[in-house]
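Before any comments, here is the structure.
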There are 2 protein chains.
Amino acid sequence: MPRAGLTPQTVVREAAVLADEVGHDRLTLAALAARLGVALPSLYKHVKGIDALYQKLSALATAEVAAELTRAAAGRAGGDALRAVAAAFRSYARRHPGRYPATQRAPDPADPEHLAAGEQAVGAIYAILRGYGLSGDAAVDATRMFRAAVHGFIALEAAGGFGLPRDVDRSFDQLVAGLDTAYRNWRS
Amino acid sequence: MPRAGLTPQTVVREAAVLADEVGHDRLTLAALAARLGVALPSLYKHVKGIDALYQKLSALATAEVAAELTRAAAGRAGGDALRAVAAAFRSYARRHPGRYPATQRAPDPADPEHLAAGEQAVGAIYAILRGYGLSGDAAVDATRMFRAAVHGFIALEAAGGFGLPRDVDRSFDQLVAGLDTAYRNWRS
DNA sequence: CCGTAAAGCTAATACTATTAGCTTTACGGG
DNA sequence: CCCGTAAAGCTAATAGTATTAGCTTTACGG
């Protein structure tokens, strides 16, 4: 029997694929091991346990989100940048329903790459707000508002929390428009 | 041995207390049964299973939230009402960290009380927006923005997603102020 | 006061993660 | 070329989760 040749990286990457397929909460070591053609306990040679796996998945997803937000913001400013980054955020969450929730887990302070990815993602938003003349505490507050509004919308949408027939895409556009007017008329 | 005398209601209420103590995700039938002084399978005489328990917990928490939002809105209008209801929302989430996440689960269409509680909670927000001159589709979008922003803030706060030292209470005040200006300058 | 329905129990099944300890593979140095 | 060793895989065992089946006992109403 040839060896599977796993590494921590391949395990985490396959976990990400699996999570997107079956959902973040139904990601299980048993299913992951089966997917990788290996017995369940063998995974422990590459990952400390399921909690550590979630943490690494969080780092992976955060890095991906940061990259996409940065790319969406490139070459844009003001309301254009705001709309593009918000859309990229929601797009990632919809394309990766298993990875996205992992993003919410706070980084392990001992994982510099994870911390850096988080800072890059926040930085992409922060940069947009400079275009609105916001900096210092105001920019921090405005960044938190952006993250709260966009993440909250994604979470409610995923949970089926929008019962009424009103089109959800249009509500999202209105949300981003609302952020734009809030930022243009910010009073600290 | 006297009988414990459980009912579906007492089981769900104790589940709510337990969830607030140990966290929503660590609510377990074993711990609940121990708390109620009963063997684990006995719970199945009152609740269909853990999923149904979560659903009933969601109905309970939604009704409580709706009551508190309605109470906070009473006798207020405009920005005052907005601030009071947002504060009540966040206050409930912080006082009931186990119940609150259950709120996110969509109501079972076959549970009229749950549906009514959800509508009451949304109605409390909707009513405030009439004070801003918003109705129809605009009110739906604005309600979704309110829920998204406030829930998102609560979720990020609970997850430890706000790393910077900037005071979180003040950021929340700024979020609500931002909603106020967005609503005052709404363009549909 | 006794029959019955419900409320509780024990036992068993099928999952989950985790640890211990063994076997085997692959690879690098003599 | 071979062989020693570290890592990669395995099986077995433990402890926790939910769930179902089927039995016993309690409480209550006719």
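The sequence lines fix the lettering, A, B, ..., with proteins before strands; numbering per chain opens at 1.
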* Nearest-Å distance for atom pair CG/P, residues A:Leu29 and C:dT16 -> 9 Å

* To do: Look at the side chain of A:Pro41 and decide which nucleotide, out of D:dT20, D:dG9, D:dA12, has an atom nearest to it.
  => D:dA12

* Asked: Roughly, in whole Å, what's the span from CG in B:Asp51 to C1' in C:dC15?
  -> 16 Å

* To do: Using a heavy-atom cut-off of under 4.0 Å over every strand shown, decide if A:Leu6 touches base, sugar-phosphate, or nothing.
  => sugar-phosphate

* Asked: With nearest nucleotides of DNA chain D determined for B:Lys45 and B:Gly49 from heavy-atom distances, which residue corresponds to the more 5′ nucleotide?
  -> B:Gly49

* Asked: Can you tell which of C:dT10, C:dT16, C:dT19 lies closest to the side chain of B:Ala39?
  -> C:dT10

* Please report, rounded to the nearest Å, how far the P atom of C:dG8 is from the CG atom of B:Leu32. => 12 Å

* **Identity of whatever pairs with D:dC23 - Watson-Crick or G-U, under 3.5 angstrom** => C:dG8

* **A:Ser58 and A:His114: side chain donor to acceptor below 3.5 Å** => yes

* Honestly, is B:Arg144 close enough over A:Phe162, meaning NZ or CZ under 6.0 Å from the six-membered ring centre and within 45° of the axis? -> yes

* Asked: What is the distance, rounded to the nearest whole Å, between atom CG of A:Leu40 and atom P of C:dT18?
  -> 9 Å

* **Under 4.0 angstrom between B:Ser42 side-chain N/O and C:dC9 OP1 or OP2** => yes

* To do: Output yes when at least one side-chain N/O atom of A:Thr28 is less than 4.0 Å from OP1 or OP2 of C:dA17, else no.
  => yes

* Asked: Does A:His46 have a side-chain nitrogen or oxygen under 4.0 Å from the phosphate oxygens OP1 or OP2 of D:dG9?
  -> yes

* Asked: Side chains of B:Ser171 and A:Asp141: do they bring a donor and an acceptor to under 3.5 Å?
  -> yes

* In whole angstrom, what separates B:Leu27's CG from D:dT17's C1'? -> 12 Å

* Any side-chain donor-acceptor pair under 3.5 Å between A:Ser188 and B:Gln174? -> no

* Asked: Can you tell me the Watson-Crick or wobble partner of D:dC28, both distances under 3.5 angstrom?
  -> C:dG3

* Between D:dT17 atom P and B:Tyr54 atom OH, what is the distance in whole Å? -> 12 Å

* Could you state the atom-to-atom distance from CD1 of A:Ile50 to P of C:dT16 in whole Å? => 10 Å

* Asked: Rounded to the Å, how far apart are A:Leu43 CG and C:dT16 C1'?
  -> 13 Å

* To do: Determine whether the aromatic ring centres of A:Tyr100 and A:His24 lie less than 6.0 Å apart.
  => no

